[in-house]
Amino acid sequence: MISKAYICSDGGWFMDGNNIYIIPRKNIYIPVVVGYSCQPVYFSRAVFNVTDKDGNKITDEASLDYIQKSLGPDSCFASSMRRSVGVMSGMDHTAIELIGSDRPGLLSEVSAVLTHLKCNVVNAEVWTHNTRAAAVMQVTDEETGGAIADPERLAMVKRLLCNVLKGTNKSREAKTVVSHGVTHTERRLHQMMFADRDYEGMGESAMEEKERPNVNVTNWHDKDYSVVTIRCKDRPKLLFDIVCTLTDMQYVVFHGNVDAEGPEAYLEYCMRHVDGSPVKSDAERERVIQCLEAAIERRVSEGLKLELCTADRVGLLSDVTRIFRENSLTVSRAEVTTKDGKAVNTFYVRDTSGYPVDPKIIDSIRRTIGQTILQVKGCPEELNQVPHESPTRFLFSGLFKSRSFCNFGLVRSYS
């Protein structure tokens with residue numbers, strides 16, 4: 001967690017990455033970079049005060065040694081600067097990118113089709129924002145445990161998933177991309193949703209006005225900078241989300257200041273477009289504000305947090321999300337990971353009608369899946385919240401209570 005940061009650039013230092021930290025060790029500040037970025041960021045001086053996720057000082061020697069090695073001349077960071085958009089070749093899985101209109105049961109439908117096609121979801125991240133849904137999934141062949149190599153089968157996967165994403169909404173485009181390789185998932189999700197223009201129509205956002213980020217853009221004429229100031233609720237990866245979006249919009253940050261020692265974060269950036277100019281018009285200024293608001297809101301997790309931990313198997317994601325769907329719950333965000341044969345999945349769920357999640361429904365779901373397998377995490381405030389209207393409130397949620405997609409003929413109709 002970054003509590004304070006100061007960035008000053010004159011182009012003398014080159015850094016490329018998703019997360020940049022400074023960790024004190026023996027009175028030396030160590031710059032740390034994790035992941036990949038699609039464009040270079042230039043820093044001459046950057047100091048970050050960081051803690052672990054629990055707010056404690058980082059003292060683990062193994063973590064510090066890993067950080068130092070990650071910055072060595074032979075590290076993956078050094079070689080990543082020669083690659084584009086953070087994508088590396090790899091044959092242990094097949095990467096699937098999905099984007100389309102959000103609706104109740106969408107993740108359940110997608111995972112059911114993948115199970116029908118004998119694909120196992122080993123890692124995935126799903127975001128929903130402003131009536132749109134995006135996902136990056138890593139799947140393996142059920143039989144071989146590796147990437148799917150058959151071109152005809154890959155074409156079928158792409159075609160069937162695209163049909164699911166389209167649904168009945170013909171006004172917005174749905175996309176499915178299948179590839180081999182390793183992608184930085186969160187970086188890619190930002191790029192996908194930005195390209196999908198999920199920032200448009202943000203005036204209808206479901207976030208309460210007091211929770212919405214306050215973003216302002218003014219020009220500092222003496223220095224030819226545009227100054228972006230952001231005040232919002234602090235959360236993990238806030239700095240990453242903002243910098244990703246500025247990079248996607250072709251802006252370069254020259255100076256920055258971050259203060260997030262309390263529940264609220266204040267961030268200030270001096271930037272220019274890659275052509276060397278500050279923001280030139282009111283329309284450009286409004287677009288920057290909208291895009292930064294969207295970047296901050298995408299990762300805000302609406303709903304009750306549920307964590308599932310059990311042995312991995314083909315069809316696990318399909319079975320769990322089907323149970324959610326049958327109980328009128330929709331997934332607003334999901335993280336699926338698999339390590340050493342164990343699945344650890346996190347879901348943020350809401351009632352499809354827009355009302356608070358009924359505790360009795362959660363108890364019933366936990367009994368069905370397993371009390372020790374599915375846990376309610378964090379503060380279950382969602383169980384006591386007052387319902388609110390939003391563009392993602394679904395009026396026909398009862399339609400999605402059927403016990404099987406085969407009852408709808410969905411799987412067969414896409415074949």
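Basis for what follows: all heavy atoms, side chains included, without hydrogens, waters or symmetry-related copies.
- Residues T321 and S111 approach most closely at OG1-OG, 3.2 Å, considering heavy atoms.
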- Query: Should N327 and D358 be marked as a side chain to side chain donor-acceptor pair (under 3.5 Å) after you check the CA-CA gap, both sets of side-chain angles, and the distance that decides it?
  - Reply: CA-CA 10 Å; N327 286 275; D358 188 342; over 6 Å; no
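- T368 places a side-chain N or O within 3.5 Å of a backbone atom of S364 that can act as its donor or acceptor partner.
- Between I96 and L114, some side-chain heavy-atom pair lies under the 4.5 Å cut-off.
- Among the candidates V376, L329, L306, the single residue satisfying the side-chain contact (heavy atoms from CB on, under 4.5 Å) test with V357 is L329.
- Side-chain contact annotation: D259 with N257, donor-acceptor N/O pair under 3.5 Å absent.
- E264 has no carboxylate O lying under 4.0 Å from a charged side-chain N of K233, or vice versa, which leaves the two without a salt bridge.
- Between L239 and V258 the shortest side-chain heavy-atom distance falls below 4.5 Å.
- Residues V121 and L316 fail the side-chain proximity criterion, which asks for heavy atoms closer than 4.5 Å.
- Across all their heavy atoms, T115 and S318 have their closest contact at OG1-CB, 3.4 Å.
- Ion pairing between a basic and an acidic side chain is recognised when a charged N comes within 4.0 Å of a carboxylate O; D196 and K175 show no such pairing.
- Between K339 and D312 there is no salt bridge, since no side-chain nitrogen of the basic residue lies less than 4.0 Å from a carboxylate oxygen of the acidic one.
- Side-chain contact between M249 and C291 is present, with heavy atoms from C-beta onward closer than 4.5 Å.
- You'll find the side chain of D248 reaches within 4.5 Å of the side chain of R187, heavy atoms only.
- Residues L246 and L292 are in side-chain contact: their nearest non-hydrogen atoms beyond the backbone lie under 4.5 Å apart.
- When all heavy atoms of V113 and V164 are compared, the pair lying nearest together is CG2-CG2, 3.7 Å.
- Under a 3.5 Å cut-off, the side chain of R153 and the backbone N or O of L117 do form a donor-acceptor pair.
- Under the 4.0 Å criterion applied to side-chain N and carboxylate O atoms, E302 and R350 are assigned as salt-bridge partners.
- We find that E297 and R212 are joined by a salt bridge, their nearest charged nitrogen and carboxylate oxygen being less than 4.0 Å apart.
- Minimum interatomic distance between Y199 and N130 (heavy atoms only, all atoms of both residues): C-ND2, 4.5 Å.
- Relative to the ring axis of F347, R333 does not place its NZ or CZ within 45° and under 6.0 Å from the centre.
- Screening I230, T245, D241 for a side-chain contact (heavy atoms from CB on, under 4.5 Å) involving I296 leaves a single residue, I230.
- Inter-residue side-chain proximity for V126 and V331 is flagged as unmet; no heavy-atom pair is nearer than 4.5 Å.
- Aromatic ring centres of Y225 and H255: separated by under 6.0 Å.
- The number of heavy-atom neighbours closer than 6.0 Å to CD of Q371, taken from other residues, nucleotides and ligands shown, is above 12.
- With hydrogens and angles disregarded, no donor-acceptor distance shorter than 3.5 Å links the side chain of T346 to the backbone of E335.
- Here the closest heavy-atom approach between residue E97 and residue V136 is recorded as CG-CG2, 4.3 Å.
- In terms of modelled atom types and a separation under 3.5 Å, the side chain of T337 and the main chain of V344 share a donor-acceptor contact.
- Side-chain atoms of S332 do not come within 3.5 Å of backbone N or O of G303 as any donor-acceptor pair.
- A salt bridge does not link E109 to R325: none of the charged nitrogens lies less than 4.0 Å from a carboxylate oxygen.
- The minimum heavy-atom distance linking C119 with V139 is given by the pair CB-CB, 4.3 Å.
- The residues R287 and D282 are annotated as not salt-bridged, no charged nitrogen and carboxylate oxygen being separated by less than 4.0 angstrom.
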